[in-house]
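This structure is a prediction, so every number in the text was calculated from the model and none was measured.
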Amino acid sequence: MSNPHPAEQHSTAIKMNGAEALVQSLVREGVEVVFAYPGGASMPMHQALSHEPSIRTILPRHEQGGAFAAEGYGRVTGKVGVCMSTSGPGATNMITAIADAFLDSIPMVAITAQVGSGLIGSSAFQETDVFGMTAPIVKHSYLVTKLEDIPRIIKEAFYIARTGRPGPVLIDIPKNFQEGVFEPDFDAPMDLPGYQTELPMPTDQLDAALPLLMAAKRPAIYAGGGIVISDAAAELKEFAERLQIPVATTLMGIGVMPESHPLSVRWLGMHGAVYANNTVNEADVVLAIGTRFDDRVTGAVRTFCEHARIIHIDFDAAELNKNKKVDMAIRANAKEALAYFNAKLESAGYPVREYSVDNRPDWFGIIEQWKRDYPLCYEKRENEIAPQSVIEELYKQLGDKEAIICTGVGQHQMFAAQFYKFEKPRLLSTSGGLGSMGYGLPAAMGAHVARPDIPIVNIDGDGSFLMNVQELGTIRTEHMPIKCIILDNQHLGMVVQWEDLKYDSHRANTFLADPSVSYDPTHHTPEVLYPNFPVVCAGFGIKCERVVEPAELAPAIKRMLESDEAYVLNVMVPHDVHVLPMIPGGMGYRDVVLERIAGDGKGRKASELGKEIPSAL
């Protein structure tokens with residue numbers, strides 16, 4: 001993975017307090033924006049920020065919203081997102097977002113204020129051991145114990161967050177060190193013994209792996225978020241085209257292979273395309289690169305790719321042979337490894353080639369059959385808006401225009417990933433490893449700050465949207481023209497789907513409206529809808545339009561996209577729609593459910609539908 005250049009170094013003999021030194025250190029790291037919510041313990045830092053014109057300080061309406069916004073900024077730029085909170089509840093409110101960044105390898109620096117150092121351990125007002133609480137979910141953490149250490153700690157924190165396998169770093173700063181006056185040394189050297197960011201090229205291992213891929217009859221590439229992190233999408237595409245290998249991605253890797261490319265089989269896993277799961281599971285050689293064999297991808301890990309020789313390339317040695325034992329485990333930078341492969345292939349006479357079934361007739365022939373017979377599709381009903389159709393219409397209207405799609409977590413997240421095609425990396429901002437509801441709206445704020453030149457659309461569910469709905473206030477006061485589509489089914493849709501599968505459709509706290517009201521999905525009136533989103537949005541000064549009839553959908557999306565201001569579409573959709581295909585947890589790719597799970601708790605598998613999926617084996 002490429003490492004950003006260290007921040008420009010400066011020296012000074014000017015006296016300043018710790019908070020001012022912190023802010024000047026942020027300036028030297030090239031920080032453009034800080035998402036920060038003030039409190040008693042963090043006031044000195046906010047005072048210092050208010051006097052620094054080069055940093056935009058955005059006030060979220062909740063610390064979790066601010067931290068998710070910083071994470072959203074980091075996802076779409078690869079730069080370090082920065083968030084700040086006061087001590088105690090302010091710090092604990094950021095923990096979910098810190099964990100989210102940790103699981104998805106997002107560069108972030110979270111700065112928390114702490115009670116005075118002399119009060120630590122006394123259970124003082126708003127004291128929490130955030131250093132200890134976050135230890136398992138950060139790449140590194142600091143508790144400032146010496147005023148003079150602040151510039152060095154900031155420099156180290158940013159370097160650690162953005163280099164190697166990125167991740168969140170926490171800095172906890174007692175209030176007395178924010179107020180103490182000293183002469184900061186911004187040229188103080190970093191002290192990071194044992195931290196390795198440059199890897200030697202494992203040429204012997206790569207030289208042994210390449211012939212396996214060249215000789216494979218049914219090769220496949222399984223590419224993850226490490227391709228995004230290392231900026232290796234161009235090298236991946238070149239490699240796939242040289243050897244004519246189909247590429248499946250993870251949710252975090254979406255966009256590293258253009259999804260319109262004939263070698264793309266989209267993304268794999270629990271709700272991935274049938275042809276993506278089949279391609280990887282029925283390959284004879286699999287190159288897994290920049291990925292960690294997550295359970296949502298593998299299902300029953302013992303049988304995942306059981307017929308293949310697996311070559312796993314990853315920067316993080318801890319991921320090699322962790323979840324899945326492989327034939328060749330190679331620790332390497334993904335971009336450098338793929339570039340090495342491409343150079344070898346070039347010298348061996350393997351040019352970049354256009355796709356043709358004739359290049360691998362037996363293998364590509366059956367993949368094309370899987371694509372034809374098991375496309376991503378959905379049921380169309382009269383007088384109801386299918387949630388998938390909303391994504392298709394949005395994609396159609398945005399056309400070739402580059403846009404960033406953010407999502408919450410739930411059915412809407414899967415529909416967005418299935419029915420919106422991504423041609424580049426960093427255009428989908430979604431919570432993967434942690435699956436954090438409430439991510440979408442604040443992440444869209446961070447995405448907008450990072451890319452104000454392109455449309456930002458948050459696709460959300462009614463349950464997920466409510467978890468950080470307060471950030472509409474930030475969007476309004478910061479004049480962010482973010483667009484939001486709420487796929488509103490009045491239920492916690494993904495949990496409802498599992499209730500259908502495991503509990504005979506018995507509803508246990510998954511209905512979000514008034515349980516005393518008989519809910520009719522075809523009759524949406526304000527008095528039975530909770531919340532009434534147009535009214536809620538009006539309270540924030542944001543335009544919101546409810547869409548009920550299918551004929552209203554396309555014009556409403558057009559009005560939303562053409563608006564110069566923030567705009568929310570509250571689209572009413574049925575609650576009994578399932579995300580399909582679906583591989584139930586712990587099962588294998590041949591157990592995929594293709595038809596809606598019935599009220600008897602059973603899903604209809606391909607074999608039960610008389611649609612046995614042909615095998616390449």
(message) Can a side-chain donor-acceptor contact be found between H261 and E241 if the only test is distance below 3.5 angstrom?
(response) yes
(request) Please step through side chain to side chain contact (heavy atoms under 4.5 Å, CB included) for the pair Q497 and M582, ending with a clear verdict. (result) CA-CA 10 Å; Q497 180 165 332; M582 175 183 180; 3.3 Å; yes
(request) Kindly compute the distance separating CZ (R590) from CG (N281), expressed to the nearest 0.5 Å. (result) 9.5 Å
(request) Would you confirm whether W267, through its side chain, and A276, through its main-chain N or O, come within 3.5 Å as a donor-acceptor pair? (result) no
(request) Side-chain contact test, heavy atoms from C-beta onward, threshold under 4.5 Å: evaluate it for K237 versus V352 and give yes or no. (result) no
(request) Can you see which heavy atom on V286 is nearest to which on V280, and at what distance? (result) CG2-O, 3.6 Å
(message) Within the 3.5 Å criterion, strictly below it, is a donor on Q490 or D488 matched to an acceptor on the partner's side chain?
(response) yes
(message) If we ignore hydrogens and angles and just use 3.5 Å, is the side chain of N359 paired with the main-chain N or O of E354 as donor and acceptor?
(response) yes
(request) Determine the minimum heavy-atom distance between A334 and A232, stating which atoms define it. (result) C-CB, 4.3 Å
(request) Find the distance between CD1 (I459) and SG (C406) and round it off to the nearest 0.5 Å. (result) 9.0 Å
(message) Tell me if a side-chain donor or acceptor on W363 pairs with a main-chain N or O of P219 at a distance below 3.5 Å.
(response) yes
(request) Taking the side chain as every heavy atom from C-beta outward, state whether M257 and F422 have any atom pair closer than 4.5 Å. (result) no
(message) If I compare all heavy atoms of V285 with all of L212, which pair ends up nearest, and what's the gap?
(response) CG2-O, 3.8 Å
(request) For the pair Y350 and N342, evaluate side chain to side chain donor-acceptor pair (under 3.5 Å) and give the outcome as yes or no after the intermediate values. (result) CA-CA 9 Å; Y350 283 80; N342 287 329; over 6 Å; no
(message) How long is the straight-line distance from CG of D362 back to CZ of R360, given to the nearest 0.5 Å?
(response) 10.5 Å
(request) Give a yes or no on whether the backbone of I385 and the side-chain of S389 come within a donor-acceptor separation of less than 3.5 Å. (result) no
(message) Under 3.5 Å, is there a donor on one side chain and an acceptor on the other for E392 and Q388?
(response) no
(message) Is it true that, when you exclude R507 itself, more than 12 heavy atoms of the residues, nucleotides or ligands shown sit nearer than 6.0 Å to its CZ?
(response) yes
(request) First locate atom CD1 of I310, then atom CG of L287, and finally report the distance between them rounded to the nearest 0.5 Å. (result) 11.0 Å
(message) Contact between D207 and Y340 at the side-chain level, heavy atoms closer than 4.5 Å - yes or no?
(response) yes
Name the atoms and distances for all side-chain donor-acceptor pairs under 3.5 Å in residues 302-309, with sequence neighbours left out.
| residue | atom | partner | partner atom | Å |
| --- | --- | --- | --- | --- |
| T303 | OG1 | A300 | O | 3.1 |

(request) Look only at the side chain of E393 and the backbone of I557, and say whether a donor-acceptor pair between them is shorter than 3.5 Å. (result) no
(message) Any non-hydrogen side-chain atom of F341 less than 4.5 Å from a side-chain atom of I313?
(response) yes
(message) Can you confirm whether more than 12 heavy atoms, excluding those of K558, are under 6.0 Å from its NZ atom?
(response) no
(request) Determine the minimum heavy-atom distance between I330 and A209, stating which atoms define it. (result) CD1-CB, 4.1 Å
(message) Between the side chains of E346 and K344, is the shortest nitrogen-to-carboxylate-oxygen separation below 4.0 Å, so that they form an ion pair?
(response) no
(request) Give a yes or no on whether a salt bridge exists between D576 and R381, defined as a side-chain N under 4.0 angstrom from a carboxylate O. (result) yes
(request) Would you please say whether a donor-acceptor pair under 3.5 Å links the side chains of S264 and E259? (result) no
(message) Ignoring hydrogens and geometry beyond distance, is a side-chain donor-acceptor pair present between T407 and T430 at under 3.5 Å?
(response) yes
(request) Give a yes or no on whether a salt bridge exists between R75 and E71, defined as a side-chain N under 4.0 angstrom from a carboxylate O. (result) yes
(request) Would you please say whether a donor-acceptor pair under 3.5 Å links the side chains of D373 and Y275? (result) no
(request) Run the salt-bridge test on E235 and K335 with the 4.0 Å N-O cut-off and return the result as yes or no. (result) yes
(request) Would you mind reporting whether Y589 and E282 have side-chain heavy atoms less than 4.5 Å apart? (result) yes
(request) Write down the atom of F419, the atom of I391, and the distance for their closest heavy-atom approach. (result) C-CG2, 3.7 Å
(message) Looking at A508, is its backbone amide N or carbonyl O close enough to the side chain of E499 to form a donor-acceptor pair, meaning the two atoms are under 3.5 Å apart?
(response) yes
(request) Flag the pair L210 / F239 as yes when at least one side-chain heavy-atom distance between them is below 4.5 Å, and no otherwise. (result) yes
(message) Just by distance, no angles: are the side chains of Y439 and S429 close enough, under 3.5 Å, to form a donor-acceptor pair?
(response) yes
(request) Evaluate the side-chain proximity of Y378 to P387: yes if any heavy-atom separation is below 4.5 Å, no if none is. (result) no
(request) Check the pair N489 / Q411 against side chain to side chain contact (heavy atoms under 4.5 Å, CB included), numbers first and verdict last. (result) CA-CA 10 Å; N489 62 9; Q411 288 183 314; 3.8 Å; yes
(request) To the nearest 0.5 angstrom, please state how far the OG atom of S260 sits from the CZ atom of R266. (result) 10.0 Å
(request) With rounding to the nearest 0.5 Å, note down the distance linking CG in L320 to CZ in R292. (result) 13.5 Å
(request) Check whether any side-chain heavy atom of Q369 sits under 4.5 Å from a side-chain heavy atom of P614, and report yes or no. (result) yes
(request) Report yes or no: does D104 contribute a side-chain atom to a donor-acceptor pair with the main-chain N or O of G433 at less than 3.5 Å? (result) yes
(request) Can you see which heavy atom on S436 is nearest to which on T96, and at what distance? (result) OG-CG2, 3.9 Å
(request) Check for a donor-acceptor pair, side chain of D327 on one end and backbone N or O of I311 on the other, with a separation under 3.5 Å. (result) no
(request) Answer yes or no: are there more than 12 heavy-atom neighbours, outside K483 itself, under 6.0 Å from its atom NZ? (result) yes
(message) Go through it in stages, so that I can follow the logic: the residues are Y222 and F293, the test is side chain to side chain contact (heavy atoms under 4.5 Å, CB included), and I'd like the CA-CA distance, side-chain angles, deciding distance and then a yes or no.
(response) CA-CA 10 Å; Y222 154 36; F293 292 88; 3.6 Å; yes
(message) Set out, in order, the CA-CA distance, both residues' side-chain angles and the distance that settles side chain to side chain contact (heavy atoms under 4.5 Å, CB included) for D358 and F364, then state yes or no.
(response) CA-CA 8 Å; D358 294 337; F364 287 168; over 6 Å; no
(request) Salt-bridge test for D294 and R296: reply yes if a basic N is under 4.0 Å from a carboxylate O, no otherwise. (result) no
(message) Do S464 and D460 pair up side chain to side chain, a donor and an acceptor below 3.5 Å, judged on atom types alone?
(response) yes
(message) Looking at D591 and G588, would you say the former's side chain and the latter's main chain have a donor-acceptor pair under 3.5 Å?
(response) yes
(message) Run the side chain to side chain contact (heavy atoms under 4.5 Å, CB included) test against V228 and tell me which residues pass, sequence neighbours left out.
(response) V256, P425, R426
(message) I'd like to know if the side chain of D314 reaches the main chain of R331, judged simply by a donor and an acceptor atom lying under 3.5 Å from each other, with no hydrogens or angles considered.
(response) no
(message) I'd like to know if D316 and R165 make a salt bridge, using a cut-off of under 4.0 Å between side-chain N and carboxylate O.
(response) yes
